[in-house]
Amino acid sequence: MPELPEVEITARRLGEALAGVPIESAASPGINALKTFDPPLSALEGQTIEGVRRIGKHLVVDVGGDLHVLCHLMSAGRLQLFPKRAGLRDRTSRLLLRLPEERELRLREFGTRQQAWVKVLRGEDAVREDAAIATLGPEAWPAPPEDLAALLKPSGARPLHAVLRDQRVIAGIGRSWVDEILWRAELSPFKRGDDLEPEEAARLRAAMVVKLDGALEHYEQAVTLPIPDKLPLPLEVHRNEGNPCPRCGTTLEAVHYESYVMAYCPTDQTGGKVLRDRRLSRLLK
Ligand SMILES: [Zn+2]
């Protein structure tokens with residue numbers, strides 16, 4: 001589930017390795033991955049990669065001729081650089097950019113669902129005006145907005161754990177890092193987005209910076225090319241329900257939703273209250 005720090009380290013590693021490298025050929029084996037047809041994928045052939053960057057949770061491969069390959073890894077995608085080309089039987093391949101010396105930049109997606117997507121755009125305006133980019137809120141890192149209370153206020157009664165994952169409100173945070181950030185800020189995931197005291201908003205902002213900075217420092221040490229299938233997320237709370245809270249020792253609790261699990265510390269975040277586990281309560285009905 002790549003979020004801001006995972007996408008950022010991917011952009012850094014690929015950017016370092018690929019700047020100045022020409023594209024020999026391009027192919028999109030994923031049936032639904034390529035979402036644009038003009039300019040065609042073949043426009044990339046013969047062009048040189050200029051760099052790789054991140055916007056929110058998106059990756060942009062900047063290519064000569066003012067071409068930009070915008071991609072979203074969704075929940076199970078990876079953009080990886082391999083020293084050898086993929087076998088034709090690799091069913092995870094969604095986009096292949098073939099490079100000199102048999103190297104290959106490959107968008108892969110694990111699992112059965114095809115959600116990861118790619119757009120080939122001409123001109124920086126086309127990137128900025130793309131529906132996926134134009135609707136993004138301000139970046140959560142490296143410098144989230146100073147006044148987070150004002151940013152979150154229009155979200156009304158929606159709880160923090162939902163508002164902070166809404167890319168239109170603030171870009172980059174997903175299910176993993178929202179748990180870490182709220183735990184660090186000692187805020188309840190169910191606190192209303194429009195109900196932050198200035199001091200709480202400042203704590204939330206500081207937590208965002210510290211947690212995302214920390215993740216990137218960790219990845220700078222731990223992540224190397226080709227970019228691992230499973231990134232080593234340095235999580236303290238998310239996926240740690242049942243373990244002691246690293247700060248106070250209370251057993252971390254979780255709320256199970258349809259497709260994900262939200263973890264928190266009852267002592268630090270919810271005034272000792274253990275929130276209803278929705279999955280359990282449904283089973284017990
Ligand atoms: Zn705790």
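Read the numbers this way: they start at 1 and go in the same order the structure lists the ligands and their atoms.
The pair Arg128-Glu124 meets the salt-bridge criterion, with a side-chain N (NZ, NE, NH1 or NH2) lying under 4.0 Å from an Asp/Glu carboxylate O. Remark: Arg158 does not engage Asp194 in a salt bridge, criterion side-chain N to carboxylate O under 4.0 Å.
Between His58 and Trp117, the ring-plane angle classifies as tilted under the 30° and 60° cut-offs.
Of all protein N, O or S atoms, those under 2.8 Å from the Zn ion (ligand 1) number 4.
Partner Glu236 forms a salt bridge (charged side-chain N to carboxylate O under 4.0 Å, His left out) with one of Arg247, Arg184, Lys211 and no other, that one being Lys211.
No hydrogens or angles considered: a donor-acceptor pair under 3.5 Å links the side chains of Tyr219 and Glu6.
Between Tyr257 and His161, a ring centre-to-centre spacing shorter than 6.0 Å is recorded.
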